[in-house]
Structures are given as structure tokens and as C-alpha cells.
There are 4 protein chains.
Amino acid sequence: MARREFARSGYVGTTNRRIAEQAGITTGAIYHYFTSKRDVYLAVFEETDRIILTRYQEVTSDALLSFEEMVAQLLEVSSQMNSEDETLAAFLASASVDAHRDPELLPTYLEHDHKMMGFFSQLIDAGVEEGVIHDESRADILDAIRVLTLGLTWYSVRLGDPVAHRRATAATIQAMRGNLFPSRPAGRRRATR
Amino acid sequence: MARREFARSGYVGTTNRRIAEQAGITTGAIYHYFTSKRDVYLAVFEETDRIILTRYQEVTSDALLSFEEMVAQLLEVSSQMNSEDETLAAFLASASVDAHRDPELLPTYLEHDHKMMGFFSQLIDAGVEEGVIHDESRADILDAIRVLTLGLTWYSVRLGDPVAHRRATAATIQAMRGNLFPSRPAGRRRATR
Amino acid sequence: MARREFARSGYVGTTNRRIAEQAGITTGAIYHYFTSKRDVYLAVFEETDRIILTRYQEVTSDALLSFEEMVAQLLEVSSQMNSEDETLAAFLASASVDAHRDPELLPTYLEHDHKMMGFFSQLIDAGVEEGVIHDESRADILDAIRVLTLGLTWYSVRLGDPVAHRRATAATIQAMRGNLFPSRPAGRRRATR
Amino acid sequence: MARREFARSGYVGTTNRRIAEQAGITTGAIYHYFTSKRDVYLAVFEETDRIILTRYQEVTSDALLSFEEMVAQLLEVSSQMNSEDETLAAFLASASVDAHRDPELLPTYLEHDHKMMGFFSQLIDAGVEEGVIHDESRADILDAIRVLTLGLTWYSVRLGDPVAHRRATAATIQAMRGNLFPSRPAGRRRATR
DNA sequence: TATGAATGAGATTTCATTCAT
DNA sequence: AATGAATGAAATCTCATTCAT
């Protein structure tokens, strides 16, 4: 599949020849289905985006889940998808770089990015409503979530090993819960455990 | 400087012509100083590596710093470098992708990666010695640190704004200290709904 | 119709896809009716040739017309055809170029050219018989007619406007009659300043 | 020279390979001097335009010439250039078609066309001032001149023979003077010869 | 008859690299 | 040391043509 090639070699580094070989056709035949290499790339992107967002939507659209459960479910789903098809996360990470190197790829990427932010916002909304998140720390939390998800994505791509990824995810959750690093009381914080 | 070009356009996307233009010479002259474009890239990489690691070393080699102070200092130094020269982090992030796309670039990148791990290990050693970190959670902490630093790097590169980066860094530290997300002893969850 | 496409974009520049689209079929279907794109082109050419020559024949085969009337009729018929279907002249002009660029198109074009010369010869014959044309100026007249018809064709194609074409035709007739440019016996020029 | 190739095979039909072969270099080297094939074409066009217009300017800028002499000189110069370098007229005729087939070539062609019109206008001005041309027939004369020059150009290109071209030019001049075709008095015209 | 997927040859273009000067 | 003209390999893309269905 073209996704694997794009993830491995990037947009510029993936040649039509490779794409065609993977598909068992000639380079000319590509243009029967797509108008350009860019078109192939964007089609792959949109398919990837769709696959991932569908799974995420199943989590966030479940009104019965608490904040805690939602976070757990999203991370769980991420890990699952990673195990099922390693190219999904690899491609998206790769694409986040390629999109910023080619102006014509950027809009599609930003659209995807925007949708992802939507999930995080819904997540935070749930937390605020539930009372476990202070309203004034929304922006900070959004920042932190972005940092954590970016970090997890890149780390897992580098590791290339679902088991290690799962372990790292667990460790990160522990860190987020203040169970890993020493924590000083930052004002009105009650001691947890 | 070539670093800016490589950071912006990647290894494949940066042409010798651009490198030469930025340096105020001709493409032919490049080959008086380097044996190939790859050689230029690796030279840029090694210089970047040296600049960053020198600054980090100044922090970790100060035996008087506590774990807490060391973490703070490292993050502070990262932010400072980011403000002084935005191309450093941008190039390294870019390089982490390009290195994995071209086998001949990988060894140099892995070497750099290894050195970075050394700093984190030293950091953890200090924490264990100080008693603020449990010895058995070393691996988890190393994972978490990698996730957090990767996340911060990519987030800052995307933001492209030192002020926003600093804010995100602060938010991440808060998260790490357990001050942001709700933390509950694992297992003893109240029933939701 | 394919004629419009060939006239507009030329032989090389017109793709089978466009031909098929214009005809409301697929590219593959073209090969049920023609053996090649060249075959399509030549069929268009021959149809165009037939349409035009039929109209011309109606003029020159009318034995009752005087030289003057024949010239007027031919020009009139040219203008009429131009108004009825602008693609006829446009295609022939276009073809006169394309035929000379592709050796396999040339014979068909030359054949058409030869037929056109036949009409001009008949015209001159009528003029000589009528006594309004000197027998020894036959060659010169043939040259002049060719120049004038070529000029009118190309000018009208460029103008793309039947009304302007008609005006230019009238002006050219005036010029041919010596009513436009100053004419003086050759040799006996007055000294100019 | 590239002009010969473009004249013979047209803009689309002339390949970089042919251009390079003619120049004794490889296709890649073309791009050391030009940014695209189109750029090569336009450079050829502009050079051709310059050569021809320089020669024409020498005629029309000579204030001592009468209308009659100017016309004779322009035709003479045209014939001379045609003998010296047959590719000049051949290319311009070819270009008049190619320019209308490719929107990006058109502006340069129209600019050239506009300059040529300038010469004709100057010519007519001289005739009006001299009293040999009626002021109210300016438009008709411009039309007729355009038709005649277009016709001569295309006829000479088809003939491909400077001697025949010269003969055709002479015949056309005779026709213009009313010496060839039978002319009926069109109103106030005095009998000439 | 007709479709449309597919081919394969060839076109334009890019670019790291070389080398005479 | 440095230039910049030139190469040659490879990439993207086009298109007339074929052929299984």
C-alpha cells in the first residue's frame, strides 16, 4: 500500500515507481485514478484521517463515558490501531513533517489537525463538566494534551514496537497522574495518596 | 545558513543551489569543503549536536544541582536556545525524520540520540540518589521523559513561537507534577453513572 | 466535433480523450471507427475538403457566369461558409500548418491544395476567354490569387469575426481593382524631395 | 539553431532532445540557460522579432522616403531577409499558429503583431501626407495591407524558394496597382495607363 | 459495439556531481 | 580556491493505443 511507502520515505522520497510496484501496475496507470502524485498522497491522507477519526468518534460520541474513561478509551484505541496497522501512526507522523515542507499539502493536514483538536476539546469539556478539571486551566490542559499525544506518537513511531508503545503509554499516564515525578504542592492541591 | 534550509525543506528537498546561495558561494565551491551533499548535512548535524550538548553538559555537570533544579535548568536552557536560534530545535526535529528515511544518515542521528539518553540517565541518577525517585521506576521515568521531550520539541516546532513554547513547557511541568489532570489511586474509581 | 478541436489545438495538441468527449464516446470506441488518431484527422480533413469543394464547384461549373461574377461568387461563397461554420476555414488554415509538420498528413493536404488550384485555373481560363485577362499574365495572376486567398483566409481566422472578414474582403477587392493604392506607370516616377 | 526546429515542427512538436542535439549539448544543459522549453521558444521569438523589426525600422525611420519608395523598400527588405535566412519568416508564420494554441505564448506574439501594425500605420501616414491616399480609406488600406503581407508570408513559406517568392511579390504589387485584374471605374477614379 | 483499465514509450524537468578553466 | 557550464540519471507526467470484458 502507498501509505507504507509514504510513511517510510516521505512525500518527496516516495517515487511513482515504488507506488506502482506496490500496487502491481505501471506508473502510467496511477494517472488513471489520480491526477498527480500529490493527489495520491492526499487520498492516502484522507483515508488515514477517516480511519482514525472514525475510531476516535466512537469514543467521544459515547455520552455515558466519564472523563477518566474517555482518556483511557482514547489511549486504548490508539494503542489498538497501532497494533492492527502500524502504518497509520507512522504515516500521520511522517505527514506532519511533509505537510509543512510542501504548501499544497498543508491545508489537508491542518484540517485533520483541527479535527483532532475537536476531540481534545470534547475531552476537556467532559472533564470540566464532571468537575475534575478547573475551568481556568483549559488552555494549559490543551497544551499539555497536545504535548503528550505528540510525544507518544513520535516515541511509538521511533520504537516501532506495539508492546513498548503500550508500556510507554502507561508510564506517561502515570506521569500525568503525578505518580512518577516528585510533586510539590502548587498552592491549593490536596495530597493524593 | 544551511541548517535553516535543511530544517525547512528536509534533506531531499534542500538543493545544493540553495545551500550555495545561502552561503554566498557557487554549487561547485561546496565540493571544496565537503565531499557530498550528505557530508554537508552531517556537518550541520554534528555542529547542531555539539551546540546543544555543550549547553546541556553545563547543566548536568554541575554536581551541586538537585534533581528538581536540574530538570528546571534543562528546560530553561532548552527554551533559551530556542529563543536564541530557532533553527536548532527545528533542524533536530526535521533530522529525526530525515535520518530514518536515509540509512546513511541514521548512524549519526542515533549517536546523537544516545548522547541525549545519557543526560536523561544522569538526571534520573540524581533523582534516585536524592530519594525523590523510586529505583524501580527508572525505566518508566525514562520513557515518560522521552515522551515529554519529544512532545515539547514537536509542539514548539509547530508553534514556531518562543513565548507559546514557554507557556506549553510550564503547562507540561504542571502536568508532570500531577497539578493539572485529576489523579486518583489506580483501581479505586467511583462508579460513573 | 473533432474539427473544432483540431482547428483550435492542432494535430499534436488534440488528444483522443478530447475527441472522444466531444463525440460523447470513450477513447476506446474511437478505434472501432478509425484505425488511429491520424485516421480521424484525415477523415475530418476529407470531409472538410468535400464540403468546401462542393460549394466552389457549384460556382465554377456554372458556365453562364462571367469572370467578374465568378470571382464575386467565390468570395461570396467563402464568406457565407465562414458565417455558417467558422470551423471550416479555421481547420483548413490549421491543417495547412500541421500537414507540413507531419509527413503522413502532407499528401492529403497537397491533394486538396491541387484541387483548389484547379478552381483558380478555371477562373483564369474564364478571364482569358472573356478577354479581360492577358494570356501572358496567367502565372502572375495565379500567384496573386494565391497570395490574396491565403491572406484572406489567415486574416479572417485571426479576426474570428464574419463581419470584419467581409469588410476585409471588400477592401481586398478594392485593392485588387486598383482603387485603393496609388498606381503609376512603372518607371515614370516623379522625384520625391 | 532552435529557430529552424521550431519553424519546422512547431512548439509542441519540437522536443528538448532535438533542441539539445542541434546545440551540441544534452537536454539538461538547456536548463542552465533557460527556465523551460517555453522560455527557449520565447527567446527565439524575441530574437527573431528584433532582427526583423530592426531592418524594418531602418526603412520607416528614413524620413526622406516617399510612400511609394517606402512600400518598395519594405518589400525589398522582406525579400532580402528571406534570402539571407529562410528561417525568419518560416518561424514567424509557424509562431502565429502556435501562439494561438498556447495561451502562454500569445502575449509575446501579440506584442510583435502590434509592432508590425505600427509600421503599417507609419506607412499609411506617409501616404496620406503625400496625398496619394485618401484619409477616409485608412482602415480599408490597413486591412488590405494585412491581407497582402499575411498572404505573401504564407505563400513564400509554402514555396520555400526565394526566387519564386520574389516573383510572387512582384505579381502582388502589380495586382495592387490595378495592372493585373480588370478594374471597373469605382466612382471618381481616373484612368491610369 | 463499447468500455475503461492498463501499458509503454517518450516528453519535460530537476539536480547532485564533475571538471576545464 | 572558485566558477559555472555541462552531464546523466532519475522523476513526474502524458497519451496513443491495446485488450479483456
Side-chain angles (χ1 to χ4, degrees), chain A residues 5 9-21 23-41 102 104, chain B residues 5 9-21 23-41 102 104, chain C residues 5 9-21 23-41 102 104, chain D residues 5 9-21 23-41 102 104:
Chain A
E5 291 302 318
S9 310
Y11 176 61
V12 184
T14 299
T15 64
N16 281 341
R17 178 178 296 271
R18 289 278 278 255
I19 294 170
E21 274 167 9
I25 54 174
T26 58
T27 58
I30 292 175
Y31 292 82
H32 193 66
Y33 304 99
F34 304 95
T35 65
S36 65
K37 179 182 163 186
R38 180 164 293 136
D39 193 28
V40 178
Y41 190 83
D102 185 329
E104 301 202 40
Chain B
E5 292 302 318
S9 311
Y11 175 61
V12 183
T14 299
T15 64
N16 277 345
R17 182 179 294 269
R18 294 264 294 224
I19 294 170
E21 274 168 9
I25 56 173
T26 58
T27 56
I30 291 175
Y31 290 80
H32 273 285
Y33 306 103
F34 304 95
T35 67
S36 66
K37 179 182 165 187
R38 179 164 293 137
D39 195 27
V40 177
Y41 189 83
D102 185 329
E104 301 201 40
Chain C
E5 291 303 317
S9 311
Y11 176 60
V12 184
T14 300
T15 64
N16 277 344
R17 180 178 296 270
R18 294 263 294 224
I19 294 170
E21 276 168 9
I25 55 173
T26 59
T27 56
I30 291 176
Y31 290 82
H32 273 285
Y33 305 102
F34 304 95
T35 67
S36 66
K37 178 183 166 186
R38 178 164 294 138
D39 195 27
V40 178
Y41 190 83
D102 186 328
E104 300 200 40
Chain D
E5 292 302 318
S9 312
Y11 175 60
V12 185
T14 299
T15 64
N16 280 341
R17 179 180 294 271
R18 288 277 278 255
I19 294 170
E21 274 167 10
I25 53 174
T26 58
T27 58
I30 293 174
Y31 292 81
H32 194 67
Y33 304 98
F34 303 95
T35 64
S36 64
K37 179 183 165 187
R38 181 164 291 138
D39 194 29
V40 178
Y41 190 83
D102 185 328
E104 300 202 40

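Chain identifiers are assigned alphabetically (A, B, ...) following the order of the sequence lines, protein sequences preceding nucleic acid strands; residue numbering begins at 1 within each chain. Reckoned from all heavy atoms, side chains included, excluding hydrogens, waters and symmetry mates.
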Between atom [atom1] in [X] and atom [atom2] in [N], what is the gap in whole Å?
X: A/I19; N: F/dT12; atom1: CD1; atom2: C1'; value: 10 Å
X: D/H32; N: F/dT3; atom1: NE2; atom2: P; value: 13 Å
X: C/I30; N: E/dA5; atom1: CD1; atom2: P; value: 16 Å
X: B/D39; N: E/dT17; atom1: CG; atom2: C1'; value: 14 Å
X: C/I25; N: F/dT17; atom1: CD1; atom2: P; value: 14 Å
X: D/F34; N: E/dT14; atom1: CZ; atom2: P; value: 15 Å
X: C/K37; N: F/dC15; atom1: NZ; atom2: C1'; value: 8 Å

Which distance, rounded to the nearest 0.5 Å, do you find between the [atom1] of [X] and the [atom2] of [Y]?
X: A/I19; Y: A/N16; atom1: CD1; atom2: CG; value: 5.0 Å
X: D/T26; Y: D/H32; atom1: OG1; atom2: NE2; value: 11.0 Å
X: B/K37; Y: B/I30; atom1: NZ; atom2: CD1; value: 10.0 Å

Checklist line | Helical stems, DNA chain E - three or more consecutive Watson-Crick or G-U wobble pairs below 3.5 Å | finding: E:2-21 with F:2-21

Notebook entry, point to check: Using a cut-off of 4.0 Å on non-hydrogen atoms, how would the nucleic acid contact of B/T14 be classed: base, sugar-phosphate, or nothing?
Noted result: sugar-phosphate

Checklist line | Residues that B/Y11 engages under ring-ring contact (aromatic ring centres under 6.0 Å, His included), provided they are two or more places apart | finding: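 Only B/Y41 meet the ring-ring contact (aromatic ring centres under 6.0 Å, His included) criterion with B/Y11.
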
Notebook entry, point to check: What is the minimum heavy-atom distance between D/T27 and D/A20, and which atoms define it?
Noted result: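 For D/T27 versus D/A20, the nearest heavy atoms are N-CB, 3.7 Å.
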
Next item on the list: Identify the heavy atoms of A/D39 and A/F34 that sit nearest to each other, and give their distance.
Entry: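 Scanning both residues, the minimum pair turns out to be OD2-CA, 3.3 Å.
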
Margin query: It should be established whether A/N16 places a side-chain nitrogen or oxygen under 4.0 Å from OP1 or OP2 of nucleotide F/dT12.
Written below: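 So the side chain of A/N16 is within the cut-off, an N or O lying under 4.0 Å from OP1 or OP2 of F/dT12.
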
Margin query: Check this one for me: any side-chain N or O of A/Y31 less than 4.0 Å away from OP1 or OP2 of F/dT14?
Written below: no

Check: What salt bridge (charged side-chain N to carboxylate O under 4.0 Å, His left out) pairs are there with at least one residue in residues 11-21 of chain B, not counting sequence neighbours?
Finding: B/E5-B/R18

Margin query: Which is more 5' along DNA chain E, the nucleotide nearest D/T15 or the one nearest B/R17? Just name the residue.
Written below: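 On the 5' side of the pair lies D/T15.
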
Item checked: Residue mapping more 5' on DNA chain E - nearest nucleotide basis, A/T26 or B/T27 -> A/T26

Next item on the list: Could you pick out which residue, A/G28 or C/R38, lies toward the 5' side of DNA chain F when each is mapped onto its nearest nucleotide?
Entry: A/G28

